[in-house]
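Before any comments, here is the structure.
Note: hydrogens, waters and symmetry copies are ignored here, and every other heavy atom, side chains too, is used.
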Amino acid sequence: MVDKITVVGAGNVGATAAQGLALKELARRVVMVDIIEGVPQGKGLDQWESAPIEGFDARVVGTNSYDETAGSDLVVVTAGIARKPGMSREDLLNTNAGIVREVSENIKRTSPDAIVIMVSNPLDVMAYVCKRVTGFSRERVLGMAGVLDTARYRSFIALELDVSVEDIQALVLGGHGDTMVPLASCTTVSGVPLSQLLERQKIEALIERTRNGGAEIVGLLKTGSAYYAPAAAIVQMVEAIVRDKKRILPCSAWLQGEYGLEGLFLGVPCKLGRRGLEQVLEVELTSKERVELNRSAQAVKETMALLK
Ligand code: APR
């Protein structure tokens with residue numbers, strides 16, 4: 001357990017994540033901060049009132065001021081606008097970049113030692129904005145995408161095979177979007193390569209559904225984007241860090257030559273522990289996967305170039 005975790009943005013993703021963090025007692029204090037008056041306070045109080053029933057002692061509070069977030073060990077950034085039907089994550093770019101800039105300045109001022117997990121979209125570029133504004137080392141700025149994309153992929157495979165989700169291992173790399181790269185060679189069912197259990201065409205269809213996983217939810221909700229699975233993914237990353245678990249999870253990390261790429265955030269296998277990003281693992285890729293990863297990197301760089 002750490003002393004304080006702040007969640008910036010008390011919307012769907014932020015508030016659901018805050019509740020998850022409290023349920024697991026990952027911090028003594030979970031602070032939600034948002035610009036809307038009353039909403040973070042109301043949701044924080046509501047969550048705290050669930051504590052006697054759920055039996056957690058993490059004190060959840062909501063606020064409009066960064067003063068209460070000061071000295072956070074970890075900050076999760078979910079502030080921004082979410083997608084509506086017909087919008088790509090890139091359509092959110094300059095609105096969310098402005099928000100993330102302001103949020104990052106506040107984090108730097110009030111929690112200079114924090115580890116930041118970026119969730120606002122387009123994720124890989126927002127993580128870059130945060131890193132640039134805060135000047136934090138790459139160990140302390142990570143993006144949440146791969147855990148979510150991998151979870152979607154695993155959930156679809158489990159449905160298709162009618163087996164437990166617990167037995168599906170997979171790795172999805174690349175940017176959070178249409179160019180994500182699910183690694184066929186790393187997808188197994190209790191260690192058995194997926195290719196032995198499903199024909200190629202079926203696997204391709206599941207990969208396609210994973211690529212469009214976010215849009216599928218947006219299309220159904222119509223008024224916003226997914227939040228239960230994103231929040232669960234945030235909690236898993238935070239838990240790996242807080243409990244120093246050294247878990248290997250796909251996260252968006254600032255690359256410094258790994259996979260022949262540098263100067264961008266991209267989804268790669270990461271070791272997460274108490275220091276944040278403790279290692280980027282370089283796994284062997286097929287030539288097709290390498291081409292796809294390069295294409296994904298190119299797409300992220302093109303979005304970075306559109307930043308105003
Ligand atoms: N500071 C703090 N909070 C802010 C700011 C800001 N400058 N600007 C906006 N917010 C808050 C909004 O008031 C709102 O409560 O961010 C919250 C966003 O919540 P939702 O609209 O419910 O969006 P959500 O579904 O939670 O998605 C948030 O995460 O997954 C990504 O693409 C998604 O970028 C989006 C983000």
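Annotation: salt bridge (charged side-chain N to carboxylate O under 4.0 Å, His left out) contacts involving residues 16-27, sequence neighbours excluded, comprise K24-E239. Residue pairs meeting the salt bridge (charged side-chain N to carboxylate O under 4.0 Å, His left out) criterion with at least one member in residues 47-70, sequence neighbours excluded, do not occur.
Side-chain contact between V100 and V133 is absent, with no heavy-atom pair separated by less than 4.5 Å. Using a 4.5 Å heavy-atom threshold, the side chains of K84 and K222 count as separate. Considering only heavy atoms from C-beta on, V172 stays 4.5 Å or farther from L183 through its side chain. At least one side-chain heavy atom of V119 sits less than 4.5 Å from a side-chain heavy atom of I234. D73 is not listed as a side-chain neighbour of I5, based on a closest heavy-atom distance of 4.5 Å or more.
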Name each donor-acceptor pair under 3.5 Å that joins a side chain in residues 291-298 to protein atoms two or more places apart or in another chain, with its distance.
residue, atom, partner, partner atom, Å
E292, OE2, K288, NZ, 3.1
N294, ND2, R290, O, 3.4
S296, OG, G175, N, 2.7
S296, OG, T179, O, 3.2
S296, OG, T179, OG1, 2.9
Q298, NE2, E302, OE2, 3.4

Per-pair distances, 0.1 Å, donor-acceptor, side chain in residues 265-281, under 3.5 Å, sequence neighbours excluded:
residue, atom, partner, partner atom, Å
K271, NZ, Q279, OE1, 3.4
E278, OE1, K246, NZ, 2.7
E278, OE2, R274, N, 3.3
E278, OE2, R275, N, 3.0

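The backbone N or O of G146 sits less than 3.5 Å from a side-chain atom of T150, completing a donor-acceptor pair. Within the 3.5 Å criterion, the main-chain N or O of M180 finds a donor-acceptor partner in the side chain of R211. Side-chain atoms of D167 never come within 3.5 Å of backbone atoms of V163 as a donor-acceptor pair (strictly under, hydrogens ignored). Looking only at distances, no side-chain donor or acceptor of D162 sits under 3.5 Å from a matching main-chain atom of A158.
Remark: E282 engages E258, Y259 in a side-chain contact (heavy atoms from CB on, under 4.5 Å) (not counting sequence neighbours). Considering only residues two or more places apart in sequence or on other chains, R247 meets the side-chain contact (heavy atoms from CB on, under 4.5 Å) condition with Q236, A240, K245, L249.
Linking Ile, Leu, Val, Met, Phe, Trp and Tyr residues whenever their side-chain heavy atoms come within less than 4.5 Å places F136 and V77 in a single cluster. Clustering ILVMFWY residues whenever any of their side-chain heavy atoms sit less than 4.5 angstrom apart, transitively, puts Y228 in the very cluster that holds L26.
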Go through it in stages, so that I can follow the logic: the residues are E90 and L306, the test is side chain to side chain contact (heavy atoms under 4.5 Å, CB included), and I'd like the CA-CA distance, side-chain angles, deciding distance and then a yes or no.
CA-CA 9 Å; E90 283 64 33; L306 296 176; 5.9 Å; no
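Considering D34, D46, N64, T63 in turn, N64 is the only one that fulfils the side chain to side chain donor-acceptor pair (under 3.5 Å) rule with Q41. Residue V76 is tested with I115, V8, V238 for a side-chain contact (heavy atoms from CB on, under 4.5 Å); the sole match is V238.
Atom CG in N106 sits 11.0 Å away from atom OG1 in T6 (nearest 0.5 Å).
When all heavy atoms of A226 and R152 are compared, the closest pair comes out as CB-NH2, 3.3 Å.
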